[in-house]
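Worksheet for the structure shown next.
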Amino acid sequence: MGFDQLIWALPGYLLGSVPFGLLLTRMVGVDIRTIGSGNIGTTNVLRTGNKGLAAATLLLDAGKGAAAVLLASSFAGAGAGMLAGLAAFAGHLWPVWLGFRGGKGVATLLGVALAAVPLAGLAALVTWLLGALLTRYSSVGGMAAALAAPLAALALGKSHSAATLAVMALLLIWKHRDNISRLRAGTESRIGQKG
């Protein structure tokens with residue numbers, strides 16, 4: 001990978017670092033970091049009771065992942081696109097603007113997957129929706145989607161994209177380690193549950 005591709009990691013990271021959940025909730029006088037899990041992502045925004053803000057957070061967090069991939073790909077090729085997508089994902093998890101304390105990356109991973117390998121992204125999206133609807137746990141749906149994305153990309157013959165998505169899936173599951181502990185203990189909050 002040449003320098004012309006590597007340079008896309010920085011704009012990808014900066015784009016991914018934009019904390020849309022925090023910015024949107026601040027517009028209505030709420031600091032999302034003081035509610036529920038304190039996370040800046042869609043599920044915690046939903047705990048404010050504002051479904052519109054939660055939907056906007058989902059779309060914008062997915063959009064920044066997709067935008068990073070599409071911009072870099074259009075200028076420097078698919079390899080740069082995947083690198084920028086990975087960097088955007090890392091930016092969401094560890095945003096420079098928030099002391100490197102960010103979200104868990106489900107929406108951003110979905111955006112990256114949809115832009116890089118649309119059918120794999122669609123498979124991940126369907127898996128996320130089914131997992132969340134059947135279990136009523138956002139964390140279960142998110143982790144299942146993260147695993148589905150690289151598996152679907154691999155099945156489609158997109159091995160490089162699959163490898164990058166697998167790295168993202170591992171990071172996402174690691175970021176969900178507290179959720180996994182709560183699931184085991186039976187104390188995980190269900191979708192729409194406040195506090």
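Only this structure's heavy atoms are used, side chains among them; waters, hydrogens and symmetry mates stay out. Position 1 is the first residue of the sequence; numbering continues from there.
Atom CZ of Arg184 sits in a sparse spot, with 12 or fewer heavy atoms from other residues, nucleotides or ligands closer than 6.0 Å. Other residues, nucleotides and ligands place more than 12 heavy atoms under 6.0 Å from the NZ atom of Lys175.
Side-chain atoms of Leu14 and Trp97, non-hydrogen and from C-beta on, do get closer than 4.5 Å to each other. Contact annotation: the side chain of Leu98 approaches that of Arg33 to within less than 4.5 Å [non-hydrogen atoms, C-beta and beyond]. The closest side-chain heavy-atom distance from Leu109 to Leu171 is not below 4.5 Å. Residues Pro11 and Leu71 fail the side-chain proximity criterion, which asks for heavy atoms closer than 4.5 Å. At least one side-chain heavy atom of Thr34 sits less than 4.5 Å from a side-chain heavy atom of Asp31. Here the side chains of Ser189 and Arg47 are in contact, with some heavy-atom distance below 4.5 Å. By the 4.5 Å heavy-atom criterion applied to side chains, Glu188 and Ser139 are counted as neighbours. Contact of the Leu24 side chain with the Val45 side chain is not registered, since no non-hydrogen atoms from C-beta on lie closer than 4.5 Å.
Contact record, Ala88 with Ala68: CB-CB, 3.8 Å, taken as the closest heavy-atom pair. In terms of heavy-atom proximity, Ala67 sits nearest to Leu15 at CB-CD2, 3.9 Å. Taking all atoms of both residues into account, the shortest heavy-atom contact from Ala148 to Ala123 is CB-O, 4.5 Å. In plain terms, the two heavy atoms of Thr42 and Ala54 that are nearest each other are CG2-O, 3.4 Å. For the pair Ala124 and Ala145, the tightest heavy-atom approach, listed with the atom from each and the gap, is O-CB, 3.2 Å. Taking each heavy atom of Ser73 and Ala78 in turn, the nearest pair found is OG-CA, 4.1 Å.
Rounding to the nearest 0.5 Å places NZ of Lys158 at 11.0 Å from CE of Met82. Taking OG1 of Thr108 as the start and CE of Met168 as the end, the distance is 7.5 Å to the nearest 0.5 Å. From Thr135, atom OG1 reaches atom CG of Leu183 across 8.0 Å, with rounding to the nearest 0.5 Å. The line from CG of Leu122 to CG of Leu125 is 6.5 Å long, rounded to the nearest 0.5 Å. In this structure, CG on Leu172 lies 11.5 Å from CG on Leu165, to the nearest 0.5 angstrom. Between Thr25 atom OG1 and Asn44 atom CG the span is 9.0 Å, to the nearest 0.5 Å.
Under the 4.5 Å side-chain heavy-atom criterion for ILVMFWY residues, a single connected hydrophobic cluster contains both Phe89 and Phe100. There is a path of hydrophobic side-chain contacts, each under 4.5 Å, that joins Val69 to Leu58. Leu110 is connected to Leu129 through a chain of hydrophobic side-chain contacts under 4.5 Å among Ile, Leu, Val, Met, Phe, Trp and Tyr, so both are in one cluster. Both Leu93 and Trp174 are assigned to one and the same hydrophobic cluster, defined by single-linkage of ILVMFWY side chains at heavy-atom distances under 4.5 Å. Leu114 and Trp128 fall into different hydrophobic clusters, where Ile, Leu, Val, Met, Phe, Trp and Tyr are joined by side-chain heavy atoms under 4.5 Å apart, directly or via other members.
Counting only residues at least two apart or in different chains, salt bridge (Lys or Arg N to Asp or Glu O under 4.0 Å) contacts with residues 59-69 comprise Asp61-Lys64.
Looking only at distances, no side-chain donor or acceptor of Arg26 sits under 3.5 Å from a matching main-chain atom of Leu23.
Aromatic rings of Tyr13 and Trp94 (six-membered ring for Trp) have centroids beyond the 6.0 Å cut-off, not under it.
Of the residues Thr43, Val106, Asn179, Leu46, the one that meets the side-chain contact (heavy atoms from CB on, under 4.5 Å) test with Ser138 is Thr43.
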Side chain to side chain contact (heavy atoms under 4.5 Å, CB included) for Asn50 and Val30? Distances and angles first, verdict last.
CA-CA 11 Å; Asn50 192 320; Val30 174; over 6 Å; no
